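Notes follow the structure.
Here the structure is a predicted model, which means the values were calculated and not measured.
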Amino acid sequence: MKKVIIVGAGLAGSYIATLFPSDYDITIITKKTRLDSNSMLAQGGVAAALDKGDSPQEHEKDTLKAGNYHNDKQAVKQLVNLGPKLIDNLISQGMNFDKSSDGQLSFGLEGAHSFHRILHAQGDQTGHELTKFVQSIIRNDIKWEENTTVLDLVIEKGECRGVVTKNKNEKVTVKYADFTVLASGGLGHLYPLTTNDQTITGDGIALAFRNDVKLKDMAYVQFHPTLLTKKGKCYGLITEAIRGAGAILIDENDHKIMKDTPQKDLAPRDVVTRKLKAWQQKGHKLFLDISHIQSFKQKFPGVTRNLINHQIDFETTKKIPIQPGAHFFMGGIKTNLEAQTSIKRLYAVGEVACNGVHGANRLASNSLLDCLVSADKAAQSIMQVPLNDNKNSVQYDELTYKSNIVPVLPSKDELLEKTWKQIGVVRSKNNLNIFLKWLAKFNYKELSPEKISSEDLTITNLCICAELIAKSALAQPKSLGANYIKGV
């Protein structure tokens, strides 16, 4: 019997759990509950070339163009060709996507797509509906360990043999497995303004860094143009599908901000975000004009609930106050097309992984599709790898951790204030160097995850991610996509 540990309960982690035979021993470990993930919050939809007038080749072109041709071409081909087949399989299993009046699948349009190819479920509730459906078809004998943090990987002779965990009662446990799959999401809460679930703090990236697992494209953080904003704070995503349905970005004077930009309001996200940021820095307020959208509340029920909850008078004004914030991480743990990392028996899927499919700027609604494709490839690979006869020789020694060191860390607020200014939407070499010099004052790389509080571990992981982003950004020869360095 093969034993598999999956770290993360979003779409990628949940979907891979459905793909193994019944004789596999599967455990899903998640930091909070199975309901807490970026997948559950995803509004936009799933991009797939399923319409008659569309094709995987056209989807491939759009993905490469949005990614500034920094993408791995084979990864893109894999995504656009395998993705529709996996979507069809889910539909045959009972997944319901929205349909038009004639009973056919309804396809929406989003930024940088040349075709209407975005599938939605319950309007703007696609991520929630898809992840909930996938979790509903997970076998009953698969074990869930919720409210559990993964502190470390167990590595022996270049192979991953399991994980070290801490539960809500602070009990530390070593869990062995034949295969470990990281599906822990990105690093959105490295920034003060983000669409991400509160659990997303770069844990998987930090795990990889501590264990010398290779990383890739760490400079590329995608900032979404439209987060609901009230009194300077952000309260969740305003899906790009709203612009696809006809909404326009304006300022307090009703000036159309994107009118002189190619593709206008549906330009790639990095382009729109920088334009909005520059407009904001000139002292302007930012809004989404929804006056051209018929039946807004019916088409976007999730956004509508959020607007009502935060007492936004969108029905009278026909405007939604917005500003950019951190959304998605294109970099991550380096994998091949089978989701295998640089460590044997360690796989990475979903946002924590980077096989190069998203390039320098992810195309809208490719993320949920990537969760399915990367999970499928990982599962197929794991099922073909033989068991290791020497697994019983593994002994994890907690004494390998350094002795207690007093943490010297920034406050989370101070860290996030600096990340937003210095490794945010627009960067400069000077600011990147200043930021790294400031980070060097702290001892986050010397701390043992077992021996610090959960709060300090979160700050430690975020500091590691911040350093990796800043160093990677500085190492790039020129600005590209989401890594925009002023003057380079």
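- In this structure, His59 and His113 have tilted ring planes: the angle between them lies in the 30° to 60° band.
- Between the side chains of Asn361 and Gln222, at least one donor N or O sits under 3.5 Å from an acceptor N or O.
- Between the side chains of Ser381 and Tyr347, at least one donor N or O lies within less than 3.5 Å of an accepting N or O.
- Put simply, the side chain of Arg269 reaches to within 4.5 Å of the side chain of His224, judged on heavy atoms.
- Side-chain atoms of Asn211 and Asp152 include a donor-acceptor pair closer than 3.5 Å.
- Remark: the Thr195 side chain and the His327 side chain contain an N/O donor-acceptor pair separated by less than 3.5 Å.
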Review point. Where do Thr173 and Thr148 land on the side-chain contact (heavy atoms from CB on, under 4.5 Å) test, with the steps shown first?
Key: CA-CA 10 Å; Thr173 307; Thr148 300; over 6 Å; no
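- Remark: the Glu110 side chain and the Ser365 side chain contain an N/O donor-acceptor pair separated by less than 3.5 Å.
- The backbone N or O of Leu337 sits less than 3.5 Å from a side-chain atom of Gln78, completing a donor-acceptor pair.
- Atom NZ of Lys277 has more than 12 neighbouring heavy atoms from other residues, nucleotides or ligands inside a 6.0 Å radius.
- Closest non-hydrogen pair, Arg345 versus Pro386, comes out as NH2-O, 2.9 Å.
- Side-chain contact check for Ser453 versus Asp456: some heavy-atom pair is nearer than 4.5 Å.
- The side chain to side chain donor-acceptor pair (under 3.5 Å) pairs that include a residue from residues 417-427 are Glu417-Lys421, Arg427-Asn483, where partners are two or more places apart or lie in different chains.
- Heavy-atom contacts from other residues, nucleotides or ligands closer than 6.0 Å to NZ of Lys334 number 12 or fewer.
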- prompt: Passes side-chain contact (heavy atoms from CB on, under 4.5 Å), Glu414 versus Trp438? Steps please.
  reply: CA-CA 11 Å; Glu414 184 183 18; Trp438 173 77; 3.7 Å; yes
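- A 6.0 Å sphere centred on NZ of Lys275 holds more than 12 heavy atoms belonging to other residues, nucleotides or ligands.
- The shortest side-chain heavy-atom distance between Gln323 and Leu276 does not fall under the 4.5 Å cut-off.
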- Message: Working note: Lys412 + Glu455, criterion salt bridge (charged side-chain N to carboxylate O under 4.0 Å, His left out); need CA distance, chi angles, decisive distance, verdict.
- Response: CA-CA 9 Å; Lys412 190 176 179 183; Glu455 293 77 12; over 6 Å; no
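- Here the closest heavy-atom approach between residue Leu462 and residue Leu416 is recorded as CD1-CD1, 4.5 Å.
- Each of Leu11, Leu363, Ile87 was evaluated against Leu369; a single residue qualifies, Ile87, per the side chain to side chain contact (heavy atoms under 4.5 Å, CB included) test.
- Under the 3.5 Å distance criterion, the side-chain polar atoms of Lys2 are left unmatched by any main-chain donor or acceptor of Ile26.
- Cation-pi contact between Arg161 and Tyr176: absent, since separation from the ring centre below 6.0 Å together with deviation from the ring axis within 45° is not met.
- Crowding of Lys216 atom NZ: a count of heavy atoms from other residues, nucleotides or ligands under 6.0 Å exceeding 12.
- With rounding to the nearest 0.5 angstrom, the CG atom of Leu227 is 14.5 Å from the NZ atom of Lys233.
- Although no hydrogens or angles enter the test, the distance criterion places a donor-acceptor pair under 3.5 Å between the side chain of Thr341 and the main chain of Ile343.
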Checking Leu50 against Asp88 for the side-chain contact (heavy atoms from CB on, under 4.5 Å) test, could you report, in this order, the C-alpha distance in whole Å, the side-chain angles of both residues, the deciding distance, and whether it holds? CA-CA 9 Å; Leu50 288 166; Asp88 276 337; 3.8 Å; yes
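- Contact record, His120 with Gly45: CD2-CA, 4.0 Å, taken as the closest heavy-atom pair.
- Side-chain N/O atoms of Thr30 and Asp36 include no donor and acceptor closer than 3.5 Å.
- In this structure the side chain of Met1 never reaches within 4.5 angstrom of the side chain of Tyr24, judged on heavy atoms.
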Query raised in the report: Please walk me through it: do Lys143 and Asp25 pass salt bridge (charged side-chain N to carboxylate O under 4.0 Å, His left out)?
Result: CA-CA 8 Å; Lys143 295 181 285 293; Asp25 182 349; 2.5 Å; yes
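- Checked by atom type and distance alone, the side chain of Asn443 never pairs as donor or acceptor with a backbone atom of Glu446 at under 3.5 Å.
- Checking side-chain atoms of Ser39 against main-chain N and O of Thr131 turns up no donor-acceptor pair under 3.5 Å.
- Checked by atom type, the side-chain pair Thr33/Glu146 shows no donor-acceptor distance below 3.5 Å.
- Of all heavy-atom pairs spanning Ala326 and Asn196, the tightest one is O-ND2, 4.2 Å.
- Residues forming a salt bridge (charged side-chain N to carboxylate O under 4.0 Å, His left out) with Asp54 (at least two apart in sequence, or on another chain): Arg117.
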### Query
Ser472 and Asp217: side-chain hydrogen bond (donor to acceptor under 3.5 Å, both in side chains), yes or no, with the steps?
CA-CA 7 Å; Ser472 180; Asp217 283 351; over 6 Å; no
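- Here the side chains of Val349 and Leu182 are not in contact, with every heavy-atom distance at 4.5 Å or above.
- Without hydrogens or angle criteria, Ser448 side chain to Lys451 main chain gives no donor-acceptor distance under 3.5 Å.
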- Task: Could you walk me through whether Phe223 and Phe328 pass the ring-ring contact (aromatic ring centres under 6.0 Å, His included) test, one step at a time?
- Result: CA-CA 7 Å; Phe223 296 88; Phe328 188 87; over 10 Å; no
Requested in this report: Could you give me the CA-CA distance, side-chain angles and deciding distance for Tyr15 and Gln135, then say whether side-chain contact (heavy atoms from CB on, under 4.5 Å) is met?
Outcome: CA-CA 7 Å; Tyr15 185 59; Gln135 289 181 352; over 6 Å; no
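- Across Ile118 and Gly44, no two heavy atoms sit closer than the pair CG2-O, 3.5 Å.
- Using a 4.5 Å heavy-atom threshold, the side chains of Val164 and Val150 count as separate.
- Counting only residues at least two apart or on different chains, the salt bridge (charged side-chain N to carboxylate O under 4.0 Å, His left out) pairs with a member in residues 191-215 are Lys31-Asp203.
- Between Glu467 and Tyr444 there is a side-chain heavy-atom pair separated by less than 4.5 Å.
- Here the shortest heavy-atom pairing between Gly350 and Asp370 reads O-OD2, 4.0 Å.
- You'll find the side chain of Val357 stays beyond 4.5 Å of the side chain of Asp72, heavy atoms only.
- Annotation: His70 is in aromatic contact with Tyr220 [ring centroid separation under 6.0 Å].
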